[in-house]
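This report refers to the structure that appears directly beneath it.
Because only heavy atoms are used, hydrogens play no part in the values below, and waters and symmetry mates are left out as well, while side chains stay in.
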Amino acid sequence: IAFGVQRTFWRDGLGSWRLYLGPFNLSEGIHKIEYFSVDLRGNEEAHGFLDVAVDNTAPQTSVAYSGPVLIPPFASDVGPEDRNALITSKTGIVLSAIDPVTQGVAVGVENILYRVDSGAFQVYLGSFTLASEGFHTIEYQSLDKLQNTEALGTLRVAVDNTPPVNTITIGEPKRFIFGCINMISTFTPVGLSAIDPVYQDTRSGVDRILFKVEPSTSGAAGFQVYRGPFTLPQGTYLVTFKGVDRLGNEKPDNLTIAV
């Protein structure tokens, strides 16, 4: 024999009993729902219990870089100024996400999605690079296992793969043969300079100039930091020199000099 259900009651934790009228929502956090029904004869079932954790908080994504990078504030010769970072095509862009614990609950990150320059969104599987020089816009967001979705984040970067342009300046006295410097004296100053050209509206600026003289005249092997004009003793030398920009882009040049 069944007399039919008269009412169903529920409460959250030790709160007041409520008449069940239909589906209801719970605030974020941990809940213990207690419930029972009563039939038309007043028979009350054994109370049931349901443990529920509610997570409405989206994950939070952070950005890092693996490899050469410049972060604001930039030096005055670096451009453009409105980028989040200047990088090279060797620089890895690293995304990571956490699902913050709110009211004791965090369901965990499901995926990080990103796209480059308004392309299709793709699942982030690991560090990625940007091949072409110039400006790029990266959009990203994370989703947790309940599909709580982070607001779209935006990263504006500029890629600089262009090395500085090197110049060697030979002072006086010097002698030219066939339009080329063939001979200088031990008093002739040798100067070096470099400029970082703007390409695709981007440059990271010259960081230092390096040079080496072979055979060595100072006893030091390898490249040295250029600090000003220098002279050479009698002999024949190969001078190799290069400007290095703040992202490590470089391209050496050399000149043979007879003294």
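Annotation for Lys90: atom NZ does not count as buried by contact number, only 12 or fewer foreign heavy atoms lying within 6.0 Å. Annotation for Leu50: atom CG counts as buried by contact number, over 12 foreign heavy atoms lying within 6.0 Å.
With hydrogens and angles disregarded, no donor-acceptor distance shorter than 3.5 Å links the side chain of Asn111 to the backbone of Leu113. For Asp99 (side chain) and Val109 (main-chain N/O), no donor-acceptor pair under 3.5 Å exists by modelled atom type. Between the side chain of Thr91 and the backbone N or O of Pro68 there is at least one donor-acceptor pair closer than 3.5 Å. In this structure, Asn254 contributes its side chain and Val239 its backbone to no donor-acceptor pair below 3.5 Å. Judged by distance alone, with hydrogens and angles left aside, the side-chain atoms of Thr231 form no donor-acceptor pair with the main-chain N or O of Phe187 at under 3.5 Å. At distances below 3.5 Å, not a single donor-acceptor pair connects side-chain atoms of Tyr65 with backbone N or O atoms of Ile87. Judged by distance alone, the side chain of Glu110 and the main-chain N or O of Leu143 form no donor-acceptor pair under 3.5 Å. Between the Glu133 side chain and the Asn161 main chain, a donor and an acceptor come within less than 3.5 Å of each other. Within the 3.5 Å criterion, the main-chain N or O of Leu95 finds no donor-acceptor partner in the side chain of Tyr140. Listed for the Ser89 side chain is a donor-acceptor partner under 3.5 Å among the backbone atoms of Leu130.
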Going through the checks in order, is the side chain to side chain contact (heavy atoms under 4.5 Å, CB included) test met by Asn249 and Thr162? CA-CA 6 Å; Asn249 295 308; Thr162 301; 6.0 Å; no
Evaluate the criterion side chain to side chain contact (heavy atoms under 4.5 Å, CB included) for residue pair Leu155 and Val157; output intermediate values, then yes/no. CA-CA 6 Å; Leu155 177 68; Val157 300; 3.8 Å; yes
In sequence, state the C-alpha distance, the side-chain angles, and the governing distance for Asp55 and Thr102, and then conclude on side chain to side chain contact (heavy atoms under 4.5 Å, CB included). CA-CA 7 Å; Asp55 180 2; Thr102 305; 5.7 Å; no
Salt bridge (Lys or Arg N to Asp or Glu O under 4.0 Å) between Asp77 and Arg246, intermediate numbers included: CA-CA 11 Å; Asp77 60 339; Arg246 292 185 177 91; 2.9 Å; yes
Any chance you could lay out the side chain to side chain contact (heavy atoms under 4.5 Å, CB included) test for Ile33 and Asp12, step after step, and finish with the verdict? CA-CA 5 Å; Ile33 306 301; Asp12 185 359; 3.9 Å; yes
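Leu192 has its side chain out of reach of Asn166: every pair of non-hydrogen atoms, C-beta onward, lies at least 4.5 Å apart. With contacts defined as side-chain heavy-atom distances shorter than 4.5 Å, the pair Phe9/Leu19 qualifies. Looking at Glu28 and Val105, their side chains never come closer than 4.5 Å, going by heavy atoms from C-beta outward. When side chains are defined from C-beta on, Val190 counts as touching Ile168, because their heavy atoms get closer than 4.5 Å. Counting heavy atoms from C-beta on, the side chains of Val206 and Asp245 never come closer than 4.5 Å. Using a 4.5 Å heavy-atom threshold, the side chains of Thr57 and Asn148 count as separate. Counting heavy atoms from C-beta on, the side chains of Val54 and Asn56 come closer than 4.5 Å. Looking only at side-chain heavy atoms (C-beta outward), Thr217 and Phe230 stay at 4.5 Å or farther from each other.
In this pair, Phe128 and Tyr114 present their aromatic rings parallel. The plane angle is below 30°, not in the 30 to 60° band.
For the atom pair CD1 (Ile71) and CG (Leu86), the distance works out to 9.0 Å, reported to the nearest 0.5 Å. Atom NE2 of His136 and atom OG1 of Thr202 lie 8.5 Å apart (nearest 0.5 Å). Here Lys242 contributes atom NZ and Lys251 contributes atom NZ; the two are 12.0 Å apart, rounded to the nearest 0.5 Å. How far NZ of Lys174 is from OG1 of Thr169: 9.0 Å, rounded to the nearest 0.5 Å. Note that CD of Glu139 and CG of Leu152 are 4.5 Å apart. Values are rounded to the nearest 0.5 Å. Here Arg11 contributes atom CZ and His47 contributes atom NE2; the two are 8.0 Å apart, rounded to the nearest 0.5 Å.
Phe223 and Phe241 fall into different hydrophobic clusters, defined by Ile, Leu, Val, Met, Phe, Trp and Tyr side-chain heavy atoms under 4.5 Å apart, directly or through other members. Residue Leu238 is not grouped with residue Leu210 when hydrophobic side chains (ILVMFWY) are merged at heavy-atom distances under 4.5 angstrom, including chains of intermediate members. Val78 and Phe135 fall into different hydrophobic clusters, where Ile, Leu, Val, Met, Phe, Trp and Tyr are joined by side-chain heavy atoms under 4.5 Å apart, directly or via other members. Clustering ILVMFWY residues whenever any of their side-chain heavy atoms sit less than 4.5 angstrom apart, transitively, puts Ile93 in the very cluster that holds Val159. Both Val63 and Val94 are members of a single hydrophobic cluster when ILVMFWY side chains are connected at heavy-atom separations under 4.5 Å.
There is a side-chain donor-acceptor pair under 3.5 Å between Ser62 and Ser96. Side-chain contact annotation: Thr149 with Gln141, donor-acceptor N/O pair under 3.5 Å absent.
Considering Tyr20, Trp17, Phe24, Phe36 as possible partners of Trp10, the one that fulfils the ring-ring contact (aromatic ring centres under 6.0 Å, His included) test is Phe24.
Sequence neighbours left out, not one pair with a member in residues 154-169 passes salt bridge (charged side-chain N to carboxylate O under 4.0 Å, His left out).
Every side chain to side chain donor-acceptor pair (under 3.5 Å) that Asp39 has, sequence neighbours left out, goes to Asn43.
Electrostatic pairing of Arg83 and Glu81 does not count as a salt bridge here, judged by no charged N lying under 4.0 Å from a carboxylate O.
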